[in-house]
Each structure stands twice: as C-alpha cells, then as structure tokens.
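For reference, the structure is listed below as structure tokens.
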Amino acid sequence: MLVEEQREPGSDMVVEIENEQDLALATMRHSTAHLMAEAVREIYPDVKFAIGPAIDNGFYYDMDLDHALTPEDLAEIELLMGRHREAAEPFVRTEVSREEALKIFADNPYKVEILRELPAGSVITTYQQGDFLDLCKGPHVADTGQIGAFKLQSVAGAYWRGDERRPMLQRIYGTAWPTQDELDQYLHRLEEAQRRDHRKLGKELDLFSVNDEIGPGLILWHPRGAMIRYQVEQFEQKEQLARGYDLVYTPHIASEKIYQTSGHLETYKENMYSPMSIDEVDYYVKPMNCPGHIMIYKSQVRSYRELPVRLAELGTVYRYERSGTLHGMLRVRGFTQDDAHIFCREDQMIDEIAGVIDLAIYMADVFGYQFQAYLATRPEKWIGDDATWDRAIEGLRRGLEQAGVDYKLDEGGGAFYGPKIDIKWVDALGREWTGPTVQLDFNLPQRFDVNYIGEDGEKHRAVMIHRTLLGSMERFVGGLVEHYAAAFPVWLAPIQLALIPITDDQLPFCQQVAADAEAAGLRVKVFDQKERMQAKIRDAQMLKIPYMLVVGKREVEAGAVAVRLRSGQDLGAIPVDQFLTGVIARVESRSLELTDEVL
RNA sequence: GCCCACGUAGCUCAGUCGGUAGAGCACUUUCUUGGUAAGAAAGAGGUCCCCGGUUCAAGUCCGGGCGUGGGCUCCA
C-alpha cells in the first residue's frame, strides 16, 4: 500500500503522499503556510496560530484572531508574503526540549495543547524564517525564495481540532504551485468547475429547484431534470432485472417497532425526523430501506436453494442533515437511493460481490467515468467476531480480484457492523465522487434473525450485502450535470432534437419530422416562435440540445434536415430517414459521442 | 448547529451621503419571413426575504428570524 497519511502535530500534511514529487510539493505548500503566518503576524501581532498543514492543491492555517478577516485583508497579506519570498529568508530548524518549547509558546494555548500531548522526553523542532518562529515538525524548503506561485483563496471558520465544542478559529485557505503557469492552470480548473456547477446549470437549463416554502434540502425535479433521472432509472432497473435482481417497493413510513429492532432508534435517531402518531403508535419516515427489504426476505421460510435473493428498490429516504451541510442536489434531506440488498449463503458471497463490482464497472463505463476502488477494513468500534470479519474482508478482497479491479486500502474505514468496498468515480475534471458501495452487514441479520434452511435441514444465518450503484438519484444526476457540463449524451438529453424552421413556410414540414421522431421515441422541440433562425439556434444552443435541425426551402424540397451539432459543427443536409435511423442507433447504444460514420 | 459573506422583477444584477425603485434578458402585443449563437418597437411585471427597532423619513442603519453561498463537523 502506497498511501501514507501524515498527521503530525503542528505541521500536518493532510494529504496523500505517494512519491518524492508529492512530498516536495507538500513541503513547499507547508512552507507557504508558514510564509502566510509570518505575514499575518506582521499585520496582527496578537494572532495565535493553531495548525497549518499542506492539503490537496495547497494549504491552510488556522488562527485565533479578533479581527474578522475580509477578502481585502487577503490581498494585503499576499503582498507581504511576496516581499518575504523575495527576501529569501532561510528556514532555520532548531531542536528543543519539550519544556523549552512549552516556555517559548507559553502564550499560545493551541501550541501548548499540542506540546502537552507529546511524550515528556520527546525532541521538539521549531522552524524560523525572518523573525517568525513556529512549532513545527517540518520539513521545509531551504528558504522562502524556494516557494513558487501562490494565491490566498478564502477565509472560513473551522473548529479547533474539528470539534464543535471547541473554539471556532479563522482559517485561511491558499493554493501554491511550483510555477506561475501551474498556478494559472489550477485557477483555470477552478473556474471550469464553477462554470459546470450543477446549481448554476440546473437553473439555466431548468432541471430542478429548491423552494423556501417546500423546505431546504428538498429537490423539486422539473420536467427536463426528471427526464434525465427517468432515463437513468429505466436503464438501471432493466439492467438489474437482467442480472437477477427482483424489484420491490416498501412504504415511506414505518412504525417505531421496526426501528427498535433494527437499532436505528438507538444509533441513528439524530438523523431521523420526529415521528407522527397513528392510532397511538409512533411512525417514522424511513431513513433507510434495509428494514423493509429484510421483512420481505423474512416473509417466508427461505431454502438454501432459492438464495441468493437480490431485492432492489429506488427507495426514497429522508434524513435530517444539519442546515449548514446542505448543498444543491449533492447534499439533501430527502433522496432516492438505488438501493439493493442481497441475501446469500457464505459460499456465494464472493460471486455476489464480484457480480456487484462488475455491474458497478459497467455503470461507470456507460456514463463515462473513470473509477478508483477502496477496501475499507475494521474500524476501532466494531461488532461481531474476528473470524467473521476476516472472512468478510477476505471475501471482499477476492470479489475485487475476481472482478479484476485494482484497489486501495482504507484502513479502519469500514462501518461498525461490517467492512465495505467504496468505488469513487473520477469525473471529466478529475474530481472524485461517491460511487458504488458494497457493504457487508453482520448487525441486522443478527438483530432480525435473517436465516435460511440449509441442505442439512438446519437454520443458518444469511450473509447480507447492502449495495448501491449510483448512490442517490439526486447526487448522481447532480454529479452528471457537472461531469458532462450539462451537455448530455443523446440518450440522456432531455430534448434530443431541435427543429428550426427558417421561415414559417417550413413549419408544417418541421412538425411532420417532429411527429415521426416522437413516434420513434425521440424527444423533440419545434422552435416555432416568431424569431429569426439565428435566435432559435442560440436558444437551442443554450439548452445544449445535441442536434439542431435547420430546415429551409432547400431541405423541404430534398426531404432532408441540415444538421448542426451543439459543438457548432455543421454536418450539412442529411435525408430525414437516414438521420433518424442514425440518432436512434446512438440512443440505443448509449453512445457518449454525437457523430460517427452513421450520421 | 457553528464562523464569515450575501438576500432588490421569472433570471443576472445596478441602486452614491437614509429622501418610498432601475437595466439587460425572459414574458405579452405589434411590425419583421430572416440560411447556422440574440431583428425592431411598445407594454406589463416589485411585500426591495420576514418580524421588530432607530428616524420626520429605511431597499439603505441596528436587533432577531428564515434562506442561500464558502468552510468546520457529518454524509448517499
């Protein structure tokens, strides 16, 4: 395993270090954090620094400061940083005893707390550049002149030690790169990400909204967004049926009895909404689909012959998420999971796991994502016994190998009730998204006594696998919007064809083509408003409609359409039949591209 | 929930020192029938997020609430 996570007091590098280059970059970024601290202290001598690690793409420093920092302050700090960089101040490393260090940093409660946690005899290092001295394990670059191009990005609040009961500190985020060119490229990537923001595009293309009066974190799917979701759902459901899953539906509310048995009222209550009383029994809106699926499994005595039982549901759940955590479609309070639970014998476990992974890879391929798998092992708090955990982790490992997937270990990242595989999708911008998860559960089968009758005529505990492929429809479609920058492949595009008559004389022909296309199952919009053709093309372009079919006198006479792609490419006139046949083929093959020799 | 910022027409945003509101797009009507990213004119459209306070006077200042955004924590 190459992943190494360093969490050193006072000099964290909260970042994956996989090679020398990563280390050099992280070192430079961490030094930039010190450079920033030097500048901040020059302006605000009373500042007390907490920790300032390197992170992905940059660094931050947490500080206790009475003055509330503004973006204007950041510009001033940057300016000072530039001067200290030009001065090429050497980073001087000094070893001191813990007692000496406690004296040096006596007026900084954060550094003192860090020091107190270190063993009494340990050797402490400090680094000084200019007249700024900091407690720090290092390493650092030789002098501030070695620091590349940087930019301070934002001020945010952050709890000391990430603990909401501790003081709220101010955190300055920055980014740093070896060269100005790389910095510019990074800033450009950030702009691109903003341009693709699903909240912005969702509004522009009329895909979804949230509404104050409906409530925060609750998504209203508009017709075009709903069409994308519908296509995704139909595709996935059919694929699951083909792979031996059975579809089920379970109620949105359930009595408290089931959540007592499942343990959710003990361990998950803070995420559940207040109950409603029906005939003097408390009913909860479901936060998870598992209990319902378990009751379906348990509705009859199961023989080893009928396993595995794979129950799938697009299950809508509601969870209380704290207001500050809500984010567009990516973090919401009500969402629909593409959930499934597989009940099987232990000897079927590896095949089932491999089967889920195979399906997950297929989904990634269809939507054009790269992916990275993680195997999450036993956390500090856990239930069950060693042997079961070992067999389960081995099962997941062999499932991954059988599916031929490379993976990284996420040591201790499993749930208390079982280990899991997480697959992260890597989108067009190289960002990771929550993707499929395959989770083994030792807890619920025991609580609900989930079993089957074996060949020996005895009861055996069934293995229970939770799995989701897309996660939730909200998060998945939100992610898709950003992945494709809302330029959806034809099979997903809410509107696939724009019919654009040049004058009203071509309107009847356009309406006929539209009717033919719709009869063939395509989604069409005729641009019949009283506007010039250029304006209609612009409208269609803004909606990112894959194919714009311009029809003038020449096309009507030829029984053709002039095909313009949303890329701006002009394919010229194509006979209507030939064009429709080509598009239908692309829809059926779920092609990610709009053209090839067929069109 | 916590820290910071923000909330003005359907959308994107102006609004100076406190003197009761503006643009572009979209919408409606009229004119225009135009060959690959916006033809022209007119009209309509407002609880300036909500509640309270200061003031002769509040979109503007102050307090509280709600919502949104950037983070912390958490997560599908």
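Throughout, protein chains are lettered first and strands after them, A, B, ... in sequence-line order, and every chain is numbered starting at 1.
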Exercise. With a 4.0 Å cut-off on heavy atoms, is A/Glu321 in touch with a base, just the backbone sugar-phosphate, or nothing at all?
Worked result: base
Exercise. If we take the C1' atom in both B/rA9 and B/rG59, what is their distance in whole Å?
Worked result: 14 Å
Problem set entry | Proximal nucleotide (of B/rU36, B/rG34, B/rG39) relative to the A/Ala535 side chain | B/rG39
Exercise. So what does A/Gly552 touch, heavy atoms closer than 4.0 Å: a base, only the sugar-phosphate, or nothing?
Worked result: base
For this session: Could you tell me the separation between the CG atom of A/Leu330 and the C1' atom of B/rC75, rounded to a whole number of Å?
Result: 12 Å
Problem set entry | Distance between P atoms of B/rU33 and B/rG45 (Å, rounded) | 31 Å
Exercise. Between A/Arg564 and B/rG35, does any side-chain N or O lie under 4.0 Å from OP1 or OP2?
Worked result: no
For this session: Look at the side-chain N and O atoms of A/Arg322 and state whether any lies under 4.0 Å from the OP1 or OP2 oxygen of B/rU73.
Result: no
Problem set entry | A/Lys203 side chain, from C-beta outward: closest of B/rG35, B/rC11, B/rG1 | B/rC11
Seminar exercise, completed: From the candidates B/rU36, B/rC75, B/rG67, the one with an atom nearest any side-chain atom of A/Asp212 is B/rG67
For this session: Could you go through the ring pair (Phe, Tyr, Trp, His ring centres under 6.0 Å) check for A/Trp425 and A/Phe476 one step at a time?
Result: CA-CA 10 Å; A/Trp425 277 320; A/Phe476 183 73; 5.4 Å; yes
Exercise. Where do A/Glu191 and A/Arg195 land on the salt bridge (charged side-chain N to carboxylate O under 4.0 Å, His left out) test, with the steps shown first?
Worked result: CA-CA 6 Å; A/Glu191 275 173 34; A/Arg195 202 178 64 76; over 6 Å; no
Exercise. Looking for any heavy atom pair under 4.0 Å, which part of the strands does A/Val332 touch: base, sugar-phosphate only, or nothing?
Worked result: base
Problem set entry | Whole-Å C1' distance, B/rC13 and B/rC48 | 13 Å
Exercise. With a 6.0 Å cut-off on ring centres, are A/Phe59 and A/Phe150 close enough?
Worked result: no
Exercise. What is the distance from CZ of A/Arg229 to C1' of B/rA76, rounded to the nearest Å?
Worked result: 13 Å
For this session: Looking at every strand, decide which applies to A/Glu204 at a 4.0 Å heavy-atom threshold: base, sugar-phosphate, or nothing.
Result: nothing
For this session: State whether the aromatic ring of A/Phe335 stacks on the base of B/rA76, taking stacking to mean ring centres under 5.5 Å apart and ring planes under 30° to each other.
Result: yes
Exercise. Taking any strand in view, what nucleotide pairs with B/rG34 in a Watson-Crick or G-U wobble way, both distances under 3.5 Å?
Worked result: none
For this session: Provide the Watson-Crick or G-U wobble partner of B/rA9, both distances under 3.5 Å; none if there is no partner.
Result: none
Exercise. Is a side-chain donor-acceptor pair under 3.5 Å present for A/Glu113 with A/Trp160?
Worked result: yes
Exercise. Say you pick atom P in B/rG43 and the same atom in B/rC3; how far apart are they, in whole Å?
Worked result: 49 Å
Exercise. So what's B/rG63 paired with, Watson-Crick or G-U wobble, going by both distances under 3.5 Å?
Worked result: B/rC51
Exercise. Quick one: the side chain of A/Tyr159 and the base of B/rG1, do they pair up donor-acceptor inside 3.5 Å?
Worked result: yes
For this session: Among the candidates B/rG70, B/rG1, B/rC74, find the nucleotide nearest to the side-chain atoms of A/His327.
Result: B/rG70
Exercise. When you compare B/rC49 with B/rU68, how far apart are their C1' atoms, in angstrom units rounded to a whole number?
Worked result: 11 Å
Exercise. What distance, rounded to whole Å, do you find between the two C1' atoms, one in B/rC17 and one in B/rU73?
Worked result: 43 Å
For this session: Quick one: label A/Tyr268 by what it contacts on the DNA or RNA (base, sugar-phosphate, nothing), any heavy atom closer than 4.0 Å.
Result: nothing
For this session: Establish, with yes or no, whether the OP1 or OP2 oxygen of B/rG70 is under 4.0 angstrom from a side-chain nitrogen or oxygen of A/Ser154.
Result: no
For this session: With heavy atoms under 4.0 Å as the rule, sort A/Gly328 into base, sugar-phosphate or nothing.
Result: sugar-phosphate
Exercise. What integer distance in Å separates A/Leu480:CG from B/rA76:P?
Worked result: 19 Å
For this session: Any strand is fair game: report the nucleotide pairing with B/rU29 by Watson-Crick or G-U wobble, both distances under 3.5 Å, or none.
Result: B/rA41
Exercise. Do the side-chain N or O atoms of A/Arg199 get closer than 4.0 angstrom to the phosphate oxygens (OP1, OP2) of B/rG70?
Worked result: yes
Problem set entry | Spacing between A/Asn211 atom CG and B/rG7 atom P, to the nearest angstrom | 20 Å
Problem set entry | Gap in Å between the two C1' atoms, one belonging to B/rC56 and one to B/rA44, rounded | 35 Å
Problem set entry | Of the listed nucleotides B/rG34, B/rC72, B/rC75, the one nearest the side chain of A/Ala158 | B/rC72
Exercise. Partner of B/rG69 by Watson-Crick or G-U wobble geometry, both contacts under 3.5 Å, or none?
Worked result: B/rC4
Problem set entry | Geometric cation-pi criterion, A/Arg243 with A/Tyr362: 6.0 Å, 45° | yes
For this session: Look up atom OH in A/Tyr407 and atom CD1 in A/Ile357, then write down how far apart they are to the nearest 0.5 Å.
Result: 10.0 Å
Exercise. Nearest to the side chain of A/Met542, which nucleotide is it out of B/rG35, B/rU33, B/rA37?
Worked result: B/rA37
Exercise. Can you tell which of B/rC4, B/rA38, B/rA76 lies closest to the side chain of A/Ala68?
Worked result: B/rC4
Exercise. Counting side-chain heavy atoms from CB outward, which of B/rG35, B/rU68, B/rG1 is closest to A/Thr325?
Worked result: B/rG1
Exercise. With respect to the side chain of A/Ser323, which nucleotide from B/rG39, B/rG35, B/rG1 is positioned closest?
Worked result: B/rG1
Exercise. Within the structure shown, what part of the strands sits under 4.0 Å from A/Phe476 by heavy-atom distance: base, sugar-phosphate, or nothing?
Worked result: nothing
For this session: Answer with base, sugar-phosphate or nothing: what part of the nucleic acid does A/Ala562 contact at a heavy-atom distance below 4.0 Å?
Result: base
Exercise. With a 3.5 Å cut-off and just heavy-atom distances, do the side chain of A/Arg475 and the base of B/rC75 make a donor-acceptor pair?
Worked result: yes
Seminar exercise, completed: Quick note, A/Met168 side chain, CB onward, closest among B/rA37, B/rA76, B/rG71 is B/rG71
Exercise. Separation of A/Asp197 atom CG from B/rU68 atom C1', in whole Å?
Worked result: 12 Å
Exercise. Across all strands, who's sitting opposite B/rC56 as a Watson-Crick or G-U wobble pair, both distances under 3.5 Å?
Worked result: B/rG19
For this session: Just say parallel, tilted or perpendicular for the rings of A/Tyr417 and A/His466, cut-offs at 30° and 60°.
Result: tilted
Exercise. Does OP1 or OP2 of B/rA76 have a side-chain N or O of A/His466 closer than 4.0 Å?
Worked result: no
Exercise. With a non-hydrogen cut-off below 4.0 angstrom, is A/Gln541 in contact with a base, only sugar-phosphate, or nothing?
Worked result: base
Problem set entry | OP1 or OP2 of B/rA76 under 4.0 Å from side-chain N/O of A/Tyr318 | no
Exercise. Relative to each other, are the rings of A/His67 and A/Tyr44 parallel, tilted or perpendicular (30° and 60° limits)?
Worked result: parallel
For this session: Could you measure between the two P atoms, the one in B/rC11 and the one in B/rC27, and give it in whole Å?
Result: 15 Å
For this session: Return the orientation label for the A/His198 and A/Phe208 ring planes: parallel under 30°, perpendicular over 60°, tilted otherwise.
Result: parallel
Exercise. Is a donor-acceptor pair below 3.5 Å formed from side chain A/Glu555 to base B/rG35, judging by atom type as modelled?
Worked result: yes
For this session: Would you kindly say whether A/Gln240 and A/Asp338 are connected by a side-chain donor-acceptor distance under 3.5 Å?
Result: no
For this session: Starting at atom NZ of A/Lys553, determine the distance to atom P of B/rG35, rounded to an integer number of angstrom.
Result: 12 Å
